[in-house]
Amino acid sequence: MWKTTFLSLSLLCISYQLFSQVRLKNEDVISRQPNSDIDQPAHYEYTGQTAMNIGKNRLSRVPIAGSRMGNETLLFSSDTMESNGSVMMIAATCAPSVGVNTFPGLAPSTSLDPYGALPKSATHDCWDFSITGTGNGSITHVGNVPETRVVMFSEQTNTITIKSNDGSEFDLNSYVSQWFNFSGNYTVTGYRDGTTVATGTGNASTSYTTTDLSGNNDFNNIDEFRFTGFGGSNTTLNIDAITIATATPEATPCGTNFTVDFESESWTNNQNIGSSISSKGMVLSYFSSGSTPKTMLATVGTSGPQGNVGLAVNNVGGNGDTFEIKSFDGCDFDFKSFYTYTNFVSTITITGYRDNSQVVQSANFALQPNGTNNVSSVLAGFQNVDRVVLSSPNSGGFGFFNGFDDLSIGPAVASDATPPVFESSTPSSSSITQTGFTLATDIDEAGTIYYVVVPDGAGIPTAANVKAGQASGGGSAVTSGNASVSSAGFSNNFTVTGLSAATSYDVYVVAEDDEGTPNLQASATRIDATTLAPNSLMVAATVFLEGAYNGTSMNTTINGSIPTTQPYSINGHSGGSAGSIPAGAVDWVLVELREAGSAAAALNATKKGSTAGFLMSDGTIKATDGTSNLTVSLSGNSGTDYFVVIYHRNHLPIMSASAVAGSSGTLAIDFTGNSANTHQTTTALVSIAGGKFAMPAGDADGDGDVDATDLATWQGQNGVVFSYNSTNGDFNLDGEINAVDRNDFQQKNTSKTRQVPTT
């Protein structure tokens, strides 16, 4: 790749001097094509190793046999050339001359575009001329004295268009026209980048007539103007002396408060002012059915809108009219208010845009007839917009207002690109319970706060996840919520519920502001929350006593002798009584809950609570009502999983093999059907009929061993009338102490010892 200083741009622009060849370097040639007419855009063939930029001039490529052009993209710069080995065609374009354009230099009656079928287009002196319609037509240069002119003839003309050849903008001050085959008024419309910005009228005359537009600033900074309104008639237009000045773009006075009141417009009452006008840097356009341009009329006089001058759109609308307001140069503004006169609809929709994207909308905005509509004081978000559209509902064939005036514009509020910030040491948790907590939040501006709760250690959700109420990757959160904060302080306390007791959670919180395009925090803030351990749990346990088991259930023989006060003081237990002994009760038992990391560590000191209840004949343990599950009150606990210990007066105690989960609020365990549920399994249990397991009988003194002491206790009570007490040799609970108790239970289980850890 190489660079070299390029020749003066005048070689390739629009001087229209014929030149044969200009050599840039060895074998690099620019040559004018012999078939290029002097009145047509100049075409040059360049053969060489270099692609060139000629500033704003347009370059076109044409295939040349034997060339290496292919489909390469040309590289341009005003002072450099870069090698790419190509052959190109360069079509020179140019801007019309500032001043009076009189089209000299061609022989009379030079056909720019020969007579034939429409449409027609041709270029002369940096202007592009075109006509549309039906039938035939032509565009010709006439150089007869005293006028030189371009003649455009069409059998049935629809549109005559004149625009700058290179798209450059200009101010149209005047033109001279002569019309044949058409009389009456026509419309002249100014365009910029294909958009209507100015409208005026003229009168067709067979004499050369000057139309002066210098007083209409809407024709400033245009690149095209069109003539319409011929009604499809045969038309001939002789156009001459197009007077233009350097474009003077009208700037919107952004950054200030101003009012578009049309008082400075030199309109007459009921003047047709087109479908789009520019005033004080604002472009106002009217459309029927949302997209069809419709003509507006000037209203002048005290009977019109606010002041003496305004816009009228009465009886020119249709269903779904729209009125568009935008800044001339794209700067942002604050849309504040507008005045309407004699409304035909009661409500409209107002939509604000910024950079072609909708940022705010208010449906059902109530119009004030003959009054000022205060948008900024009623609606939020119409700051920092560059276009506003007022839309009506189906309006029954009328414009949605009869007059429009006093458009109030303010300086754009600087766009807020900063998301909210948490303050006051939030987010934070408080008032923690077993199933929830209070989540405190406080941000520094109005907006919306979102949160999700996920299991402790779960993946980190994105800010977008949190806003959507999702866990990481879009999964389900344990719970979520959001709240808008708009009043001073911008704080909110969420009540988070539905959590499990004694469980740790990660809580992610994110906030966004209430801008038209909200600013969301880049990442969520995490806090930890652990719910409280339960202060009580229910126990749903099933256990059999070896001595009372009869093969299918347990005997209730001593039911009438069971005292209403429970008999246990084991491991510090005390208290507990029943109003009556429920039918089906076998005896009192004591249930103890221990919190430990393993069975071996579940010592006496790990007890968190104990409660006495009734063992029923089917093996279930119930509260004193004989129906409800037993509730054990807890103290000093930190979790929900516990080792379950069962005690009886003259049977060895047993304990669950592992901590039983109580997150649901109930500890459920069956010691009868599977020995693996019991710590030390069959060592701690005895097998009984039906493949079941039971607590071993024979511990008369309740010391945890079946030994000679228990035998001595039995011997002291043998043959004595039954008496219920905590030390009792009636191992089969039949209300008698005899040889059966000794032989079948005490002797059988001698040397068995408790498998529940103590110290």
I would like to know whether T611 and T631 meet side-chain contact (heavy atoms from CB on, under 4.5 Å); could you show each step before the answer? CA-CA 7 Å; T611 300; T631 298; over 6 Å; no

To check you understand the geometry: which heavy-atom pair defines the closest contact between [X] and [Y], and what is its length?
| X | Y | value |
| --- | --- | --- |
| H648 | Y568 | CA-OH, 3.4 Å |
| A596 | F643 | O-CE1, 3.4 Å |
| W588 | T564 | CZ2-O, 3.4 Å |
| A483 | N492 | CB-ND2, 3.6 Å |
| G547 | A697 | N-CB, 4.0 Å |
| A477 | G469 | CB-O, 4.0 Å |

Tell me yes or no: between the side chains of [X] and [Y], is some donor less than 3.5 Å from an acceptor?
| X | Y | value |
| --- | --- | --- |
| N749 | E546 | yes |
| D734 | N732 | yes |
| T351 | Q358 | no |
| T530 | S504 | yes |
| T672 | D670 | yes |
| D618 | T620 | yes |

Nearest 0.5 Å, please: how far is [atom2] in [Y] from [atom1] in [X]?
| X | Y | atom1 | atom2 | value |
| --- | --- | --- | --- | --- |
| T678 | L685 | OG1 | CG | 4.0 Å |
| T542 | N677 | OG1 | CG | 10.5 Å |
| F614 | T624 | CZ | OG1 | 6.5 Å |
| I654 | F671 | CD1 | CZ | 4.5 Å |
| F693 | S675 | CZ | OG | 4.0 Å |
| N373 | I348 | CG | CD1 | 7.0 Å |

Quick one: does any side-chain atom of [X] pair with a main-chain N or O of [Y] as donor and acceptor, under 3.5 Å?
| X | Y | value |
| --- | --- | --- |
| N728 | S723 | yes |
| H651 | P653 | no |
| K752 | P696 | no |
| D587 | V589 | no |
| R594 | V645 | no |
| Q680 | Q755 | no |
| D513 | N519 | yes |
| T433 | T435 | yes |
| D444 | V421 | yes |
| T531 | S500 | yes |

How about N356: does its CG atom have over 12 heavy atoms from other parts shown lying under 6.0 Å from it? no

Using the side-chain hydrogen bond (donor to acceptor under 3.5 Å, both in side chains) rule, collect all pairs that involve residues 692-714, keeping only residues at least two apart or in two chains. D705-T753

Of all pairs that satisfy side-chain hydrogen bond (donor to acceptor under 3.5 Å, both in side chains), the ones with a partner from residues 462-491, not counting sequence neighbours: T448-S484, T462-N465, N465-Q470, K467-E512

Apply side-chain contact (heavy atoms from CB on, under 4.5 Å) to N718 and D741, showing your working. CA-CA 9 Å; N718 183 32; D741 298 307; over 6 Å; no

Six-ring centre of Y724, R649 cation under 6.0 angstrom, axis tolerance 45°: yes

side-chain contact (heavy atoms from CB on, under 4.5 Å) partner of D506, chosen from V478, I460, D528: D528

List the steps, then state whether side-chain contact (heavy atoms from CB on, under 4.5 Å) holds for F333 with V388. CA-CA 10 Å; F333 57 87; V388 174; 4.1 Å; yes

Does the side-chain contact (heavy atoms from CB on, under 4.5 Å) test come out yes or no for S663 and T503, once each step is laid out? CA-CA 9 Å; S663 58; T503 305; 5.7 Å; no

